[in-house]
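Once you've had a glance at the structure underneath, I'll fire off some questions.
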Amino acid sequence: MSVIVRMAPSPTGFLHIGNVRTFLFNWLYARHEGGQIRLRIENTDTAREVAEATDFIQESLQWLGIDWDGEITFQLDRMDDCRRVAEQLVAEGKAYEDEGAIRFRMPDEGVTAWDDVIRGRVEVPNESIEDLVLVRSDGRPTYNFASPMEDVWDGITHVIRGEDHISNTPKQLNIIRAVGGDLPTYAHCPNVNGGDGKKLSKRHGAVGVDEFRNAGYLPPALMNFLALLGWAPDGETTVMSRDELVERFELARVSPSPAQFDYAKLDWLNGVYQRALAPEAFAHALVLWLGEHGYEWDAERVRKAAPLVQEKISRLGEFPSFAGFLFQDVEPASVDGGAEVVAAAGDALAELEPFTAESIESALRGVLERLGLKPRQGFQPIRVAVTGSKVSPGLFESIELLGRETTLARLRRAAATAA
RNA sequence: GCCCCCAUCGACUAGCGGUCCAGGUCGCGGCCCUUUCAAGGCCGUAGCACGGGUUCGAAUCCCGUUGGGGGCACCA
């Protein structure tokens with residue numbers, strides 16, 4: 001039997017990174033097994049802004065590299081089918097009317113159990129399961145009714161979802177049995193928490209896929225990181241491409257215990273991917289990112305600056321603050337005590353030919369030698385004068401890119417201010 | 001309160017009865033390299049929650065305790 005799984009977000013706005021991790025497990029499993037994955041919007045309740053949120057969800061998924069098969073379906077579209085089934089259940093005595101609503105009759109004795117791919121056997125005493133509402137008094141089916149029904153109608157073979165659904169599972173199992181549907185296999189993924197072990201939320205950092213995109217993370221890096229939250233192919237491997245993840249993913253190896261989202265590790269991994277990019281590819285990504293985020297900086301110059309920062313920043317979003325001095329004027333910073341070397345540097349560069357990183361370096365080293373300064377002492381005031389910061393890309397390459405005119409202006413201004 | 005789930009370094013994890021005085025990665029600390037910051041190289045730091053069993057032998061199996069988390073809606 002061919003595998004069919006589904007991603008079932010509710011259209012409440014942005015896509016939470018924790019949900020995306022669960023979707024990723026669905027996707028990896030489907031692709032690994034050569035099966036199908038559906039995108040189903042669970043909009044039984046939120047009728048507002050559905051279209052917009054749905055677009056947003058698709059965009060985020062596509063950006064990350066998670067695709068799906070077939071048309072998107074909406075839970076709301078199957079209201080009538082759900083109602084019909086509910087009425088049938090009432091006719092069969094398996095459900096009953098209650099103040100205008102329809103309730104399902106849960107078994108009172110024994111246990112409802114299933115073999116969870118991730119957790120093993122889970123058993124829940126039936127006496128702890130209440131008769132649940134199938135259809136509200138206004139005629140709308142509830143989530144716990146619509147969701148399993150859709151799983152049956154869509155032929156879902158594996159329901160892979162968050163652990164917060166564990167307690168819904170026995171309810172849905174009983175409903176599917178009552179309608180005579182095939183029971184899917186269930187796999188409940190662990191939660192993704194923040195650094196304090198609490199549910200990941202805004203106060204921990206970025207949580208929406210769009211936020212990670214805006215911060216300048218690379219999709220394959222984020223995917224790689226997410227896959228490692230609750231799953232590992234072995235004890236050694238950590239860097240894996242999209243294809244490699246698909247090839248190696250095993251649902252049964254997903255851990256049942258919750259994981260914490262480590263932003264520092266994500267940054268490291270993103271840096272790994274960034275450095276592995278061909279220089280042109282990195283430059284291209286940088287130009288695109290800047291364009292999408294409102295920077296109208298000269299693309300040609302961005303491409304030239306890219307190699308200077310590729311191994312120094314860990315995400316695209318760090319570029320503006322790290323290399324912005326190449327594109328806009330800087331706040332004059334204090335070169336305390338460095339007025340002399342700054343002024344001398346200006347003189348040395350004024351007539352320098354050619355004006356290349358190599359010649360700039362030897363000219364400036366000559367200046368330091370004459371003044372009896374160590375590189376550390378001499379270059380730092382120059383750096384601060386030229387870049388406006390104590391931290392920057394390589395000084396000589398930066399000066400070459402900046403150009404003689406701007407460099408001299410900044411050096412002279414700094415020398416004058418310090419004097 | 002009731003039900004369910006979880007438990008290896010600070011974090012992500014490997015381990016599925018002996019090869020583990022527990023391995024990898026991030027982080028952190030130190031050293032090297034070095035024009036800053038990174039990157040890179042080397043070294044180091046730190047863990048099987050606790051208590052009972054089972055067994056010749058337990059991080060690995062069972063029970064309990066403690067601690068976390070989730071759920072108990074005419075929300076999804």
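As a basis for the values below, the full set of heavy atoms in this structure was taken, side chains included, without hydrogen atoms, waters or symmetry mates. The chains referred to below are lettered A, B, ... by the order of the sequence lines, with proteins before strands, and numbering in each begins at 1.
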Span that lies between the P atom of rC61(B) and that of rG70(B), in whole angstrom: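 That atom pair is separated by 26 Å.
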Between the base of rU36(B) and the side chain of Lys312(A), is there any donor-acceptor pair under 3.5 Å?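 Under the 3.5 Å cut-off, the side chain and the base do form a donor-acceptor pair.
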Taking the side chain as C-beta and beyond, is there a heavy-atom pair between Ser398(A) and Leu308(A) under 4.5 Å? yes
Look at the side-chain N and O atoms of Arg103(A) and state whether any lies under 4.0 Å from the OP1 or OP2 oxygen of rC74(B).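 Looking at the OP1 and OP2 atoms of rC74(B), one of them is under 4.0 Å from a side-chain N or O of Arg103(A).
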According to the Watson-Crick and G-U wobble definitions, with both distances under 3.5 Å, which nucleotide is paired to rG29(B)?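 Base-paired to rC43(B).
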Check the distance between rA11(B)'s P and Asp262(A)'s CG and give it to me in whole angstrom.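 For the pair Asp262(A) CG and rA11(B) P, the rounded distance is 10 Å.
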Regarding Ser314(A) and Glu318(A), do their side chains bring together a donor and an acceptor under 3.5 Å, going by distance alone? yes
The single option from Leu64(A), Leu245(A), Leu266(A) passing side chain to side chain contact (heavy atoms under 4.5 Å, CB included) against Leu226(A): Leu64(A)
In whole angstrom, give me the gap between the C1' atoms of rC20(B) and rC37(B).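 The answer is 40 Å between these two C1' atoms.
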When the distance from CD1 of Ile313(A) to C1' of rU36(B) is rounded to whole Å, what number comes out?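 The answer, rounded to whole Å, is 16 Å.
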Taking atom P in both rC21(B) and rA59(B), compute the distance separating them and give it to the nearest angstrom. 9 Å
Between Lys198(A) and rG69(B), is there a contact of a side-chain N or O with OP1 or OP2 at under 4.0 Å? yes
In whole angstrom, give the distance that lies between atom NZ of Lys171(A) and atom P of rC72(B).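 Distance, rounded to whole Å: 6 Å.
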Take Ser167(A) and Glu311(A), find for each the nucleotide of RNA chain B with the closest heavy atom, and name the residue whose nucleotide sits nearer the 5' end. Glu311(A)
Spacing between Glu236(A) atom CD and rA22(B) atom P, to the nearest angstrom: 16 Å
In terms of side-chain heavy atoms of Ala101(A), which of rC74(B), rA14(B), rU36(B) is nearest?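 Among the listed nucleotides, the one closest to the side chain of Ala101(A) is rC74(B).
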Need the pair for rG1(B). Rule: Watson-Crick or G-U wobble, both distances under 3.5 Å, any strand; none if unpaired.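 Base partner found: rC72(B).
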Examine the base of rU35(B) for any acceptor or donor lying under 3.5 Å from a partner atom in the side chain of Lys374(A), and report the outcome as yes or no. no
Is the ring centre of Tyr96(A) less than 6.0 Å from the ring centre of Phe104(A)?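 No - the distance between ring centres of Tyr96(A) and Phe104(A) does not fall below the 6.0 Å cut-off.
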Mind calculating the distance between CZ (Phe261(A)) and P (rG69(B)) to the nearest angstrom? 20 Å
Closest non-hydrogen atom pair, Ile160(A) against Val5(A): CD1-CG1, 4.1 Å
pair_partner(rA49(B)), Watson-Crick or wobble, both distances < 3.5 Å, evaluates to rU65(B)
Which nucleotide in the set rC6(B), rC37(B), rC12(B) lies at the smallest distance from any side-chain heavy atom of Ala259(A)?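 My answer, after comparing the listed nucleotides, is rC12(B).
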Expressed as a whole number of Å, how far does the C1' atom of rG51(B) sit from that of rC74(B)?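 Going atom to atom, C1' in each nucleotide, I get 47 Å.
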With the side chain of Leu229(A) defined as its heavy atoms from C-beta on, choose the nearest nucleotide among rC5(B), rC12(B), rC26(B). rC12(B)
Using only heavy-atom distances, decide whether a donor-acceptor pair under 3.5 angstrom links the side-chain of Asn168(A) to the base of rA76(B).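 Indeed there is one.
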Complementary nucleotide of rA38(B), counting Watson-Crick and G-U pairs under 3.5 Å: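 Pair assignment: rA38(B) / none.
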Using atom C1' in both nucleotides, what's the gap between rU13(B) and rC56(B) to the nearest angstrom?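 To the nearest whole Å, 32 Å.
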Please state the P separation for the pair rU66(B) and rC26(B) - nearest whole angstrom. 38 Å
With rounding to whole Å, what would you report as the distance between rG30(B) and rC6(B) at their C1' atoms? 37 Å
If you check the Ile166(A) side chain, which of rC5(B), rU13(B), rC6(B) turns out closest?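 Of all the options, the side chain of Ile166(A) is nearest to rC5(B).
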At under 4.0 Å, does any side-chain N or O of Arg140(A) touch on OP1 or OP2 of rC75(B)?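 Answer is no, no contact under 4.0 Å.
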Does rG15(B) have its OP1 or OP2 closer than 4.0 Å to a side-chain nitrogen or oxygen of Arg253(A)? yes
Any donor-acceptor pair under 3.5 Å between the side chain of Arg383(A) and the base of rU35(B)?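 Check passes, donor-acceptor contact within cut-off.
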Give a yes or no on whether a donor-acceptor pair under 3.5 Å exists between the nucleobase atoms of rC2(B), that is its base, and the side chain of Ser128(A).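 A donor-acceptor contact between them is absent.
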What integer number of Å spans the C1' atoms of rU54(B) and rU60(B)? 13 Å
Report yes if a side-chain nitrogen or oxygen of Arg40(A) is closer than 4.0 Å to either non-bridging phosphate oxygen (OP1 or OP2) of rA76(B); otherwise report no. no
Classify the ring geometry of Phe379(A) against Phe396(A): parallel below 30°, tilted from 30° to 60°, perpendicular beyond 60°.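 Correct class here is perpendicular.
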rG18(B): pairing nucleotide in any strand, Watson-Crick or G-U under 3.5 angstrom: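 Looking at the geometry, rG18(B) pairs with rC56(B).
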Taking all non-hydrogen atoms of both residues into account, name the closest pair between Val302(A) and Val287(A) and its distance.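 Smallest interatomic distance, heavy atoms only, reads CG1-CG2, 3.8 Å.
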